[in-house]
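A quick note: this is a predicted structure, and the numbers were derived from the prediction, not measured.
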Amino acid sequence: MEDNKPWALFSEAGEQGYNEDVIDIMKQHFQIICHKDFLKDPQLYGPKIQAMFVWYTCPAAEPSLLTLLPSLKVVANGGVGIDHLDVPYITSLGVKVTNTPGVVSDATADMALGLLLASARKIVVGHQIALDPKTTHLPKGLMGVEVSGSTLGIIGMGQIGSKIAQRGKGFDMKILYHNRNRRTVEEEQRVGATYCENMDDLLKESDFVVLAVNLTPETTGLISHRQLALMKPTATLVNISRGSVVDQDALVKALQSGSIGAAALDVTHPEPLPRDHPLLSLPNVLITPHFGTNTYTTTRRMIQRMVENALAAVKGQPIPNEVKPK
């Protein structure tokens, strides 16, 4: 039975790869080999491999690897963003590309609100004070920013942006959004969001600006000196999309000068940042290690969707989440 399963290449298990408890999902349908073991004998394994599972950009779907996989039929990516994949090149080889939209939306939206709340209410600073062995009294002057009733501006109103708006509605926030295309009236009413055709208007009015866009040539450097200068000096920038959406040099200057109040980032460029990067030493910055989808529930759903996409491609069936070159 095992011999009948198609072969798939994956990165690795453990701290730098997949949690051990989700590997079984792949093993149910594929004979799997990790990248490190594959490289020990690529001539043996290369012709067998029909699917490649890409997790946190690994293994890198570069020509040097793809040319070793003559039987490859699909590159199945975990997550929505495919900016690390050269889709036109991969598809030119006759290989399908897939991703996992939808299943990541709730966890990523939760992360956006978590970052927003933690930054606004100085939760990490408070935690450090509470644990500090030198603390003998609790500070009364550590003030946060009110979230309830504030204005939330969302840039990018796809599935994740809509989920963020739903959560903001629960905090009685006034919700503005800017998107390449306006959503329907019904969609706007469901999440209580108001469309801003001009992104500048959103930046000027928002107390919290959340970035939830895909990384494309158009969104690279979307937030830079001019955009940050439009924001309120008390405003917080939250980024759960991709680090390159923000000009980080401009962000450092804005935070240092008080042009904006704070930043809460689950993504940076590069990842991780160099240990001497100025963002790491600013008191008004909160950074997490790009783990917006890292829940057991969402991770299992992502792996399951990757497997479903890969199986469909291998069998020549309609693929649920195929990504086609633009």
Side-chain angles (χ1 to χ4, degrees), residues 1-2 4-42 44-46 48-62 64-66 68-69 71-85 87 90 95-108 110-111 160 240 242-243 266-268 270-272 288-315 319-323:
M1 190 66 153
E2 188 75 15
N4 294 329
K5 294 179 182 178
W7 281 75
L9 177 67
F10 75 107
S11 55
E12 61 180 296
E15 179 127 350
Q16 300 301 318
Y18 299 82
N19 291 330
E20 292 283 358
D21 59 348
V22 301
I23 293 290
D24 285 343
I25 299 175
M26 292 188 286
K27 286 183 176 179
Q28 288 174 21
H29 303 282
F30 288 91
Q31 294 190 70
I32 61 174
I33 182 169
C34 71
H35 188 223
K36 182 173 63 175
D37 290 340
F38 165 80
L39 291 177
K40 292 176 182 177
D41 197 344
L44 172 64
Y45 296 111
K48 300 179 180 182
I49 292 170
Q50 297 185 59
M52 183 164 80
F53 295 119
V54 177
W55 189 252
Y56 286 97
T57 76
C58 295
E62 296 175 347
S64 59
L65 175 59
L66 296 176
L68 299 175
L69 308 174
S71 303
L72 188 67
K73 294 184 178 180
V74 59
V75 172
N77 184 66
V80 180
I82 42 86
D83 48 278
H84 55 290
L85 298 175
V87 177
I90 295 170
V95 176
K96 303 291 187 181
V97 177
T98 71
N99 65 350
T100 62
V103 295
V104 304
S105 300
D106 279 315
T108 308
D110 287 349
M111 190 68 193
I160 294 171
I240 47 85
R242 285 292 188 270
D266 187 44
V267 289
T268 60
E271 292 174 345
T288 52
H290 199 161
F291 66 170
T293 61
N294 283 29
T295 71
Y296 287 109
T297 299
T298 292
T299 297
R300 293 187 68 83
R301 287 174 179 167
M302 289 170 68
I303 302 300
Q304 186 65 51
R305 184 68 63 85
M306 292 166 70
V307 167
E308 290 170 0
N309 287 327
L311 276 175
V314 167
K315 294 178 180 179
I319 302 170
N321 305 115
E322 182 176 357
V323 177

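- Counting heavy atoms from C-beta on, the side chains of V95 and L66 never come closer than 4.5 Å.
- What you find for G79 and N99 is that their closest heavy atoms are O-CB, 3.2 Å.
- Between F10 and F30, a ring centre-to-centre spacing not shorter than 6.0 Å is recorded.
- Surrounding NZ of K73 are more than 12 heavy atoms belonging to other residues, nucleotides or ligands, all under 6.0 Å away.
- For F38, there are no ring-ring contact (aromatic ring centres under 6.0 Å, His included) partners at least two apart in sequence or on another chain.
- Contact of the V74 side chain with the I319 side chain is not registered, since no non-hydrogen atoms from C-beta on lie closer than 4.5 Å.
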side-chain contact (heavy atoms from CB on, under 4.5 Å) evaluation trace for T298 with D106: CA-CA 8 Å; T298 292; D106 279 315; 5.8 Å; no
Check against side-chain contact (heavy atoms from CB on, under 4.5 Å), L65 and M52: CA-CA 11 Å; L65 175 59; M52 183 164 80; 3.7 Å; yes
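- D37 CG to Y45 OH: the interatomic distance, rounded to the nearest 0.5 Å, is 7.0 Å.
- With hydrogens and angles disregarded, a donor-acceptor distance shorter than 3.5 Å links the side chain of D266 to the backbone of F291.
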Check against side-chain contact (heavy atoms from CB on, under 4.5 Å), T98 and R305: CA-CA 9 Å; T98 71; R305 184 68 63 85; over 6 Å; no
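- Residue N294 holds its CG atom at 9.5 Å from OG1 of T108, rounded to the nearest 0.5 Å.
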Trace of the side-chain contact (heavy atoms from CB on, under 4.5 Å) decision for I303 with W55: CA-CA 9 Å; I303 302 300; W55 189 252; 3.6 Å; yes
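- The two residues T100 and V104 make their nearest non-hydrogen contact at O-CG1, 3.9 Å.
- In this structure, L85 CG and I90 CD1 are separated by 5.0 Å, a value rounded to the nearest 0.5 Å.
- You'll find the side chain of N77 reaches within 4.5 Å of the side chain of H84, heavy atoms only.
- Of all non-hydrogen atoms in T293 and A107, the two that sit nearest each other are CA-CB, 4.1 Å.
- When all heavy atoms of S11 and G17 are compared, the pair lying nearest together is OG-CA, 4.3 Å.
- Under the 4.5 Å side-chain criterion, counting only non-hydrogen atoms from C-beta, L69 is not in contact with W7.
- Between I160 and I240, the closest heavy-atom pair is CG2-CD1, 4.1 Å.
- Proximity of a side-chain donor or acceptor of N309 to a complementary backbone N or O of A76 within less than 3.5 Å is not detected.
- A donor-acceptor pair under 3.5 Å links the side-chain atoms of K5 to the main chain of K27, judged by distance alone.
- With rounding to the nearest 0.5 angstrom, the CG atom of L68 is 10.0 Å from the CG atom of L9.
- Here F53 contributes atom CZ and I32 contributes atom CD1; the two are 8.0 Å apart, rounded to the nearest 0.5 Å.
- Within the model, atoms CE of M306 and CG of L311 stand 12.0 Å from one another, a figure rounded to the nearest 0.5 Å.
- Looking only at distances, no side-chain donor or acceptor of T288 sits under 3.5 Å from a matching main-chain atom of H290.
- Considering every non-hydrogen atom in both P6 and H29, the closest pair reads CD-O, 3.4 Å.
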